[in-house]
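Everything on this sheet refers to the single structure shown next.
The model shown is predicted, which means the values in this text are computed figures rather than measured ones.
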Amino acid sequence: MNTSRFALVDCNSFYVSCHRVFQPELNGRPVVVLSNNDGCVIARSDEAKALGIKMGTPYFQMKEVAGQEQVKVFSSNYELYGDMSRRVVSTLAQFTPHLEIYSIDECFLDLSHLAPEEVKAYGKKVRETVRQWTGIPVSVGAACTKTLAKVANRLAKKQTGKEAGVLVLANQQEVEQALRQTEIGDVWGIGRQHAKRLRQMEVHTAWGLRNLPEGWVRKNMAVTGLRTLLELRGEPCQDLELASPARKNICTSRSFGRPVAELGHVKEALSTHTVRCATKLRGQGSCASSLTVFLMTNRFAVTEHDYYSSRTIQLARPTSSELELLRHANALLEDIFRAGRRYVKVGIMLHELIPASEVQLDLFTARNEEKQGKLMATLDSLRQRFGHHALKYGVQGARNEGDTFENEAEKPPWMLKREFASPCYTTNIREVLVVKT
DNA sequence: TCTGGGGTCCTAGGACCC
DNA sequence: TCTGGGGTCCTAGGACCC
């Protein structure tokens, strides 16, 4: 009954590890990666964790410690992480085609083809191979449900020496021991609110949750909570999702590098986001039936209380053409933009996505639609080949993210702050050449 | 001065219908 | 005019994930 059906393979401090692959001198040193705009800490090496730097800490609050302790700081580089992630996945795919890509740094593997006594060696082999082929260290947790595999994985990361990085929960005793060592807030599916509530009831560990009555959990934590409970008890409620389902909503937004007051600058930003968003939309073969544009002032400022406004429109017919989306997005923006405010963020959301093949066309629009479709396909392939900035619209502004600027004032204010940027080692040929010479 | 971005699922309650 | 039950759909808000 306790056969290990699932393994969770999770990259250790993934973003940090990606940088270390190309700068091995950073091994053993404290390293952190910041969110977009150098806002807050989103990845830490073990050495940085040991310094007490917490996940989500705003950079300005840890600047001093970073200086004192010689913490190496990076701006985030999603092109690099995305490419490294693909390498890890294709390595795992050599082991089994039955795998679920759960996030940029985690995969579930199906183990049902293994005999119980083979699981541990298999986990070790996976770990060694990924390390050798990609340079990325991973941990492997295996158990009979996904939630228990998550538990196992957390504990695997803490193990040292010969046991480092792989943990299999093969029987009731091992499961109980693991659950007793797992804090309630560390259980997959238990967030801040549930954890707080459970602690008030003196439930402090996963083991405590495991022993609560089903009825109470169903009533107070909904069916998702009940699923977590049952999975902790060893009853699988979630299967592998081999094919990632099409997104139901797609959103692209960024904070500005500096506050922005001019409509023209906000338009450049929104247009850039819209092109990205439309590219994602076409990437999954969908069309959008409605779209929302939102615009924010600083939510941390006490004076500007109306920090969020948004507007949505229903499109006459679903589209994936960025020309149409740009037209609508900028019209909505003009509606909600108010002069005299300092904005910090703009974004676009696409909803009610349907497969492009299901869009109903009438006689008058069919030809136009076909022409636009061809145009978009051409844009997509050119951008794939020459980079996303290779083809753009006047309304996006002349400058690119990644351009070098003589001084800060020359850079459009909406562009991301990336004080600690690193090269895209694996995806930008020009930069690889620069590094080598 | 400086605080990320992008998603999913579930539930309760209201509107509406027969 | 008064009455009841049951169903669907939509939306907003909350909770969760990485």
Side-chain angles (χ1 to χ4, degrees), chain A residues 8 10-11 13-15 32-44 54-64 66 73-78 81-82 85 100-108 146-147 150 153-154 184-198 217-228 237-238 241 244-259 269 273 276-277 280-281 283-284 290 292 294 296-302 307 310 312 314 342 344-353 408 413 416-420:
Chain A
L8 176 65
D10 185 314
C11 301
S13 310
F14 180 56
Y15 298 168
V32 300
V33 176
L34 303 179
S35 62
N36 270 334
N37 236 4
D38 297 340
C40 44
V41 175
I42 53 168
R44 307 157 297 157
K54 298 266 181 289
M55 199 72 167
T57 309
Y59 174 58
F60 71 88
Q61 282 175 14
M62 59 147 289
K63 220 171 189 168
E64 217 180 307
V73 178
F74 286 102
S75 300
S76 43
N77 181 344
Y78 286 98
Y81 312 146
S85 177
E100 171 184 338
I101 303 171
Y102 177 68
S103 73
I104 195 165
D105 69 338
E106 288 172 68
C107 280
F108 285 103
K146 283 176 149 184
T147 305
K150 276 271 197 183
N153 191 289
R154 280 190 63 85
I184 189 65
D186 292 336
V187 176
W188 189 39
I190 305 299
R192 267 223 307 275
Q193 300 306 318
H194 286 330
K196 189 174 158 196
R197 176 104 188 260
L198 289 165
V217 172
R218 173 66 184 86
K219 184 155 174 278
N220 293 282
M221 298 167 63
V223 300
T224 43
L226 182 61
R227 273 201 281 268
T228 299
C237 303
Q238 308 179 68
E241 287 179 23
S244 53
R247 305 244 163 273
K248 296 172 180 173
N249 303 285
I250 297 179
C251 170
T252 304
S253 74
R254 294 284 181 281
S255 298
F256 301 139
R258 291 175 271 149
H273 302 341
R276 280 261 181 211
C277 206
K280 291 190 217 170
L281 179 72
Q284 72 162 30
S290 68
T292 301
F294 64 90
M296 296 169 70
T297 57
N298 188 354
R299 72 177 190 281
F300 297 102
V302 210
Y307 78 90
S310 72
T312 302
Q314 201 71 29
R342 288 153 54 82
V344 300
K345 186 177 187 175
V346 71
I348 176 169
M349 296 196 267
L350 304 176
H351 328 273
E352 297 172 82
L353 310 187
E408 200 55 19
L416 286 181
K417 201 155 58 180
R418 294 188 76 199
E419 199 183 331
F420 314 103

What's Leu34(A) touching, base or sugar-phosphate or nothing? Going by heavy atoms closer than 4.0 Å. nothing
Among the candidates dC16(C), dC10(B), dG5(B), find the nucleotide nearest to the side-chain atoms of Ser255(A). dG5(B)
Against the side chain of Ser35(A), the closest entry in dC17(C), dG4(B), dT8(B) is dG4(B)
Distance between C1' atoms of dG4(C) and dC17(B) (Å, rounded): 14 Å
Can you tell which of dT8(B), dT3(B), dC18(C) lies closest to the side chain of Lys248(A)? dT8(B)
Can you tell me if Ser13(A) uses its side chain to pair, donor with acceptor, with the backbone of Arg44(A) under 3.5 Å? yes
Taking the side chain as every heavy atom from C-beta outward, state whether Cys107(A) and Ile101(A) have any pair of such atoms under 4.5 Å apart. yes
Name the nucleic acid region contacted by Lys150(A), choosing base, sugar-phosphate or nothing; use a 4.0 angstrom heavy-atom cut-off, strictly under. sugar-phosphate
Does Asn249(A) place a side-chain N or O at less than 4.0 Å from the phosphate oxygens OP1/OP2 of dT8(B)? yes
Distance (rounded to the nearest 0.5 Å) between Phe60(A) CZ and Cys40(A) SG: 10.0 Å
Proximal nucleotide (of dC16(C), dG6(B), dG4(B)) relative to the Arg254(A) side chain: dG6(B)
For Thr252(A), report the nucleic acid contact type (base, sugar-phosphate, nothing); a contact means any heavy atom under 4.0 Å. sugar-phosphate
Which is true for Lys345(A) with a 4.0 Å heavy-atom rule: it touches a base, it touches only sugar-phosphate, or it touches nothing? sugar-phosphate
Of the options dT11(B), dC9(B), dC17(C), whose atoms approach the side-chain atoms of Thr224(A) most closely? dC9(B)
With a 4.0 Å cut-off on heavy atoms, is Arg218(A) in touch with a base, just the backbone sugar-phosphate, or nothing at all? sugar-phosphate
Base, sugar-phosphate, or nothing for Asp105(A), non-hydrogen atoms under 4.0 angstrom? sugar-phosphate
Check every atom of dC18(C), dC16(C), dT11(B) against the side chain of Val223(A) and return the nucleotide holding the closest atom. dT11(B)
Choose from dG6(B), dC9(B), dC18(C) the nucleotide whose nearest atom is closest to any side-chain atom of Ser103(A). dC18(C)
Base, sugar-phosphate, or nothing: which does Val187(A) touch, judged by heavy atoms less than 4.0 Å apart? sugar-phosphate
dG7(B), dG4(B), dC18(C): which one has an atom nearest the side-chain heavy atoms of Glu106(A)? dC18(C)
Of all the choices, dG5(B), dC10(B), dA15(C), which nucleotide is nearest to the side chain of Asn36(A) once you look at every atom? dG5(B)
With heavy atoms under 4.0 Å as the rule, sort Ile250(A) into base, sugar-phosphate or nothing. sugar-phosphate
Give Asn37(A) one of three labels, base, sugar-phosphate or nothing, depending on what nucleic acid heavy atoms sit under 4.0 Å from its own. nothing
Looking across every strand, which nucleic acid part, if any, lies under 4.0 Å from Arg197(A) by heavy atom: base, sugar-phosphate, or nothing? nothing
Determine the interplanar angle of the Phe108(A) and Trp188(A) rings, folded into 0 to 90°, and report it as parallel if under 30°, tilted if 30 to 60°, perpendicular if over 60°. tilted
One should read off an interatomic distance between Thr57(A) OG1 and Lys63(A) NZ, to the nearest 0.5 angstrom, of 14.5 Å
Among dC2(B), dG5(B), dA15(C), which is the nearest nucleotide to the side chain of His194(A)? dA15(C)
Mate of dG5(C) across any strand shown (Watson-Crick or G-U wobble, both atom pairs under 3.5 Å) is dC18(B)
Would a 4.5 Å heavy-atom cut-off, applied to side chains only, mark Asp105(A) and Tyr15(A) as touching? no
